[in-house]
**Q** 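Below is one structure. I have some questions about it.
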Amino acid sequence: MDWSPDKTQVKSWNEWDTLRHVIVGRADDCHIPPPEPALDAKVPEDSDMRGQWGRRPQETIDRANELLDNFASMLKKRGLRVDRPTPFDFSKPATTPDWHTDSNFGCMPPRDVLLTVGHEILEATMSYRCRWFEYLCYRNLMQQYYDEDPNMRHEAAPKPRLTDADYHPDYLSEKIGEAKRLEWAAEKHFVTTEEEPLFDAADVLRFGRDLVVQHGFTTNLKGIDWLRRHFPDHRVHAVNFPGDPYPIHIDATFTPIRPGLILNNPQRRLPQEQRAMFEANGWEIVDAAQPAHNQPPPLCYSSVWLSMNVLVLDPKTVCVEASEVYQADQLDKLGVEVVPVELRDAYAFGGGLHCCTADVYRDGECEDYFPKAS
Ligand code: DAV
């Protein structure tokens with residue numbers, strides 16, 4: 001059945017078919033969480049965030065919300081349906097029988113929490129304690145979709161224990177150094193252990209029948225195996241990007257634009273032995289353009305490579321952050337219409353245009369884009 005704005009339908013099989021219904025995050029009440037094992041491993045060693053935590057300054061929250069609201073309005077003007085999460089009081093501590101942390105995080109990047117595969121929306125396990133309860137911000141929407149669309153499947157992956165056994169203690173040192181980090185990343189020695197399945201939804205890219213999942217800080221091999229068992233009709237591929245000293249989330253590293261075309265971060269190239277399925281089926285993997293900035297904005301977890309964290313509206317139209325002129329120019333030359341969207345002042349809240357959204361509905365069906373065995 002075709003999409004209509006009056007009828008809720010959940011369906012999205014890939015990253016590029018025409019987007020009709022999307023969730024856009026909010027910056028309300030966002031906190032820099034207190035130290036905890038998984039988060040400390042991710043905060044860059046020279047970051048201004050080291051050692052500080054608490055609610056982010058109100059003027060930065062207001063500015064990020066202004067940008068997110070403008071982005072949501074622009075999408076609505078283009079005819080999309082846009083929903084927003086419901087924040088809870090993130091200053092509250094989070095406690096389970098196994099651990100305690102003094103605040104939660106926020107609800108800016110829905111992409112990290114919600115994985116839409118076909119008619120299903122799956123809540124990821126997450127691997128940070130401060131994000132353990134974040135799914136609650138989306139439960140109103142999940143309930144509404146579930147009530148309104150009889151075909152929607154609402155699933156939640158097993159909540160992890162997140163005891164200290166989930167984290168390698170050698171990552172807890174303050175000064176590891178980039179050379180050591182790169183060596184560990186190449187050896188696939190990440191901060192998370194194989195104690196139990198862990199994954200963030202933003203480590204998963206959807207290519208119809210194939211799911212490509214980054215093994216790194218936020219997703220472990222057990223998490224990938226869990227996804228493989230959970231989606232038995234899919235082929236699930238684990239990938240690595242050894243040039244990344246802080247490997248979390250695939251969406252500033254590997255960005256499909258349309259069938260046959262992927263941008264790859266030139267500092268984090270997909271290793272040759274993992275390219276076979278793409279090459280056998282005529283997919284082109286091109287180096288992404290350089291970011292326009294030398295530094296991330298203040299108090300930001302992410303790298304400058306949010307430049308390639310674009311949102312594909314349809315295979316010919318892509319939203320790119322407005323200051324990322326090199327990325328825009330590259331996409332333009334690749335024959336894509338670029339929609340510039342100002343978002344840089346919201347990066348610190350958890351990411352760029354792909355991160356701050358989650359798919360609810362895209363046109364198209366589940367196709368096999370890699371029919372030739374590699
Ligand atoms: O390059 O810092 C950011 C990904 C956010 N979802 C990076 C990865």
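Basis for what follows: all heavy atoms, side chains included, without hydrogens, waters or symmetry-related copies. For ligands, and for the atoms within them, numbers begin at 1 and follow the listed sequence.
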**Q** For ligand 1, which part of Ala202 has a heavy atom less than 4.0 Å away: the side chain, the backbone, both, or neither?
**A** neither
**Q** Atoms of ligand 1 less than 4.0 Å from Ser302 heavy atoms?
**A** 2 (O), 3 (C)
**Q** Check for me whether Gly351 has a heavy atom closer than 4.0 Å to any atom of ligand 1.
**A** no
**Q** Within the structure provided, determine whether Gln330 and Leu334 are in side-chain contact (heavy-atom separation under 4.5 Å).
**A** yes
**Q** Give a yes-or-no answer on whether the side chains of His189 and Asp170 include a donor-acceptor pair shorter than 3.5 Å.
**A** yes
**Q** Testing the 3.5 Å rule here: is there a donor-acceptor pair between the side chains of Ser103 and Arg55?
**A** no
**Q** Please determine whether a side-chain nitrogen of the Lys or Arg among Asp233 and Arg209 lies less than 4.0 Å from a carboxylate oxygen of the Asp or Glu.
**A** no
**Q** Looking at ligand 1, does Arg268 have a heavy atom less than 4.0 Å from it?
**A** yes
**Q** Indicate the ring-plane relationship of Phe190 and Phe217, choosing parallel, tilted or perpendicular according to the 30° and 60° boundaries.
**A** perpendicular
**Q** Going by the order shown, which atoms of ligand 1 are within less than 4.0 Å of some heavy atom of Ile248?
**A** 4 (C), 8 (C)
**Q** On the 0 to 90° scale, with breaks at 30° and 60°, tag the His234-Trp13 ring pair as parallel, tilted or perpendicular.
**A** parallel
**Q** With heavy atoms of Cys355 as the reference, note each atom of ligand 1 found under 4.0 Å away.
**A** 5 (C), 6 (N)
**Q** Does the side chain of Asp28 pick up a donor-acceptor pair with the side chain of Asn65 at under 3.5 Å?
**A** yes
**Q** Which ligand 1 atoms are under 4.0 Å away from a heavy-atom of His249?
**A** 4 (C), 5 (C), 6 (N)
**Q** For Asp251, which part has a heavy atom under 4.0 Å from ligand 1: side chain, backbone, both, or neither?
**A** side chain
**Q** Return the residue, atom name and 0.1 Å-rounded distance of the protein heavy atom closest to atom 1 (O) of ligand 1.
**A** Ser303 OG, 2.6 Å
